[in-house]
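Just so it is clear: chains get the letters A, B, ... in the order the sequence lines come, proteins before strands, and each one is counted from 1. The figures that follow rest on heavy atoms only: side chains count, while hydrogens, waters and symmetry mates do not.
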2 protein chains.
Amino acid sequence: MRVLVVEDEHKIANSIKKGLEQEAYAVDAAYDGESGFDLALNEDYDVIILDLMLPKLDGIEVCKQLRANQVHTPILMLTAKGQLNDKVEGLNAGADDYLVKPFAFAELLARVKALTRRPRNSIGSVLTVEDLSLDTLTFEVKRANKPIELSKKEFALLEYLLRNQGRTLTKDQIINHVWDYDADVLPNTVEVYIGYLRNKIDRPFKDKPPLIHTVRGFGYKIGRRK
Amino acid sequence: MRVLVVEDEHKIANSIKKGLEQEAYAVDAAYDGESGFDLALNEDYDVIILDLMLPKLDGIEVCKQLRANQVHTPILMLTAKGQLNDKVEGLNAGADDYLVKPFAFAELLARVKALTRRPRNSIGSVLTVEDLSLDTLTFEVKRANKPIELSKKEFALLEYLLRNQGRTLTKDQIINHVWDYDADVLPNTVEVYIGYLRNKIDRPFKDKPPLIHTVRGFGYKIGRRK
DNA sequence: AGTTTTTCTCAGTTGTTTCTCAGCTTGCTC
DNA sequence: GAGCAAGCTGAGAAACAACTGAGAAAAACT
């Protein structure tokens, strides 16, 4: 899967690039509208991530021009908070989805995946390990059929662990996926949140084996047995 | 309940819009096939009312394209008298019902209601949770058999909550379903309306457990126990 | 036209969540 | 089993999300 990121803030562009590369996407970056447009026209991408505010040629214009040139590649538009009203304009210009900045990388990834998935259906919203389940649609989390209340960050962290169950995730990976690109949190914060999750999903179920495991020196993983 | 009306005769489109709004639907209108298609694809409607004869992209085509794009929203097709033979084609293209012009508004309303009536937790036109009931046909709302008066927006919000009972709905989802496309209301408005509903359906029944629940960080849901 | 109701925003308050820090515990290595 | 790095955790400051009373503007009655 090839992705083009058109974004003038290098920090953001590169963090998206890195993150997607971790997920096995091939990513090109462009830092202004003009070169982004050229690349999109001449290369063959599966998704284009397009910032709204761009030097030389803004996102809406790039989008319109591409559509006018018969480029039908799905476009994910990035808009800053204040520009939210432009979402309509963006979608009218031919974008397929939009995302408001700042966003967590996991959110971006989910949308990119949705755009690359041909038939856009929303089944399979429930993630599980053992007797723990998390529904990304209704936000319900249960263990042994008992509902568990999580805060937003706890939920996002658990979702990320579950999507990669059995796999060890480093604190850096976790930070990059669960927090905003401009969040800049310490690795210790992850430790703290892992602690919160254990208090809610492992500690109250002492009769069962714990699901969250520390892999010393590497990170954390979720799954049965160590 | 959100409805999209696609009809090029502004007079008819607006009279449908007004009429449905009186019935507590949130209605968007489009006056040609292309913009109708765009809206239907990007927004989330509960019913689409689609004229057969349209500039830019005719009703049959819009219908086919929507189905091809995995949009399964019920479609009510409007046909003029002479086009009666096209009804077959319309139904083949994926429409769920059709109505011959000119029609009485009551007829249209009945069909829209028929299309929005889901077999789920509703017996006929009445939605219920515990001792609370809401009749989408007569607009009667009762708790413990005592009638409750709601404004149009309050009614629409409660209806949406009831149709998704037990499920947590985000403020964004609520805004998208209860308000129409160009409404652009703040999330706080939802909080305020939730407050109004609580004043009417939970606060006067202190002896019973509340039905409306806040799911902090995610949204609201209706149902028994937390 | 005047009155009432409804819709929606704003600002103040409250309680929760997010995140950091600092001290503590654990487990690995020699 | 001492020393050390990695991870854990309780406490607290700052940021945030939700609730609510008040009121302006619009819509609906009368």
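A donor-acceptor contact under 3.5 Å links the side chain of A:Arg216 to the base of D:dA6. A donor-acceptor contact under 3.5 Å is formed by the side chain of A:Tyr196 with the base of C:dC19. For D:dT20, its base never sits under 3.5 Å from the side chain of B:Asn199 at any donor and acceptor pair. The base of C:dC21 is paired with the side chain of A:Asn188 by a donor and an acceptor separated by under 3.5 Å.
In the set C:dC19, D:dC8, C:dT7, the nucleotide with an atom closest to the side chain of B:Tyr193 is C:dT7. In the set C:dT7, C:dT20, D:dT20, the nucleotide with an atom closest to the side chain of B:Ser151 is C:dT7. Counting only heavy atoms from C-beta on, A:Tyr220 has its side chain closest to D:dG7 among C:dC19, D:dG7, D:dC19. The B:Val192 side chain lies nearest to C:dT9 when the options are C:dT9, C:dT7, D:dA18.
Remark: B:Lys171 is in phosphate contact with D:dA18, judged by side-chain N or O atoms under 4.0 Å from OP1 or OP2. Between C:dT7 and B:Trp179, no contact under 4.0 Å exists linking OP1 or OP2 to a side-chain N or O.
Distance CD1 (A:Ile194) to P (C:dT18): 14 Å, rounded to an integer number of Å. Rounded to whole Å, the distance from CD on B:Glu191 to C1' on C:dG12 is 14 Å. The distance from atom CG of A:Leu186 to atom P of C:dT20 is 4 Å, rounded to the nearest whole Å. Distance NZ (B:Lys152) to P (C:dC8): 11 Å, rounded to an integer number of Å. Summarising the geometry, the separation between NZ on B:Lys200 and P on C:dT5 is reported as 11 Å, rounded to the nearest angstrom. A straight line from CG of A:Asp202 to P of D:dT9 spans 11 Å, rounded to a whole angstrom. In this entry the distance linking CG of A:Asp184 with P of D:dA15 reads 15 Å, nearest Å.
Atoms CE and NZ, from A:Met53 and A:Lys101 in turn, are 9.0 Å apart once rounded to the nearest 0.5 Å.
Both A:Phe218 and B:Gly195 lie near DNA chain D, and the one whose nearest nucleotide falls closer to the 5' end is A:Phe218. Residues B:Thr189 and B:Leu150 both approach DNA chain C. Their nearest nucleotides, taken by heavy-atom distance, put B:Leu150 toward the 5′ side.
Ring geometry for A:Phe155 against B:Phe218 counts as perpendicular: the plane angle is over 60°, on a 0 to 90° scale with 30° as the lower cut.
Taking the six-membered ring where the residue is Trp, the centroids of A:Tyr193 and A:Trp179 are separated by under 6.0 Å.
Between the side chain of A:Asp58 and the backbone N or O of A:Glu61 there is at least one donor-acceptor pair closer than 3.5 Å. Judged by distance alone, with hydrogens and angles left aside, the side-chain atoms of A:His213 form a donor-acceptor pair with the main-chain N or O of A:Gly223 at under 3.5 Å.
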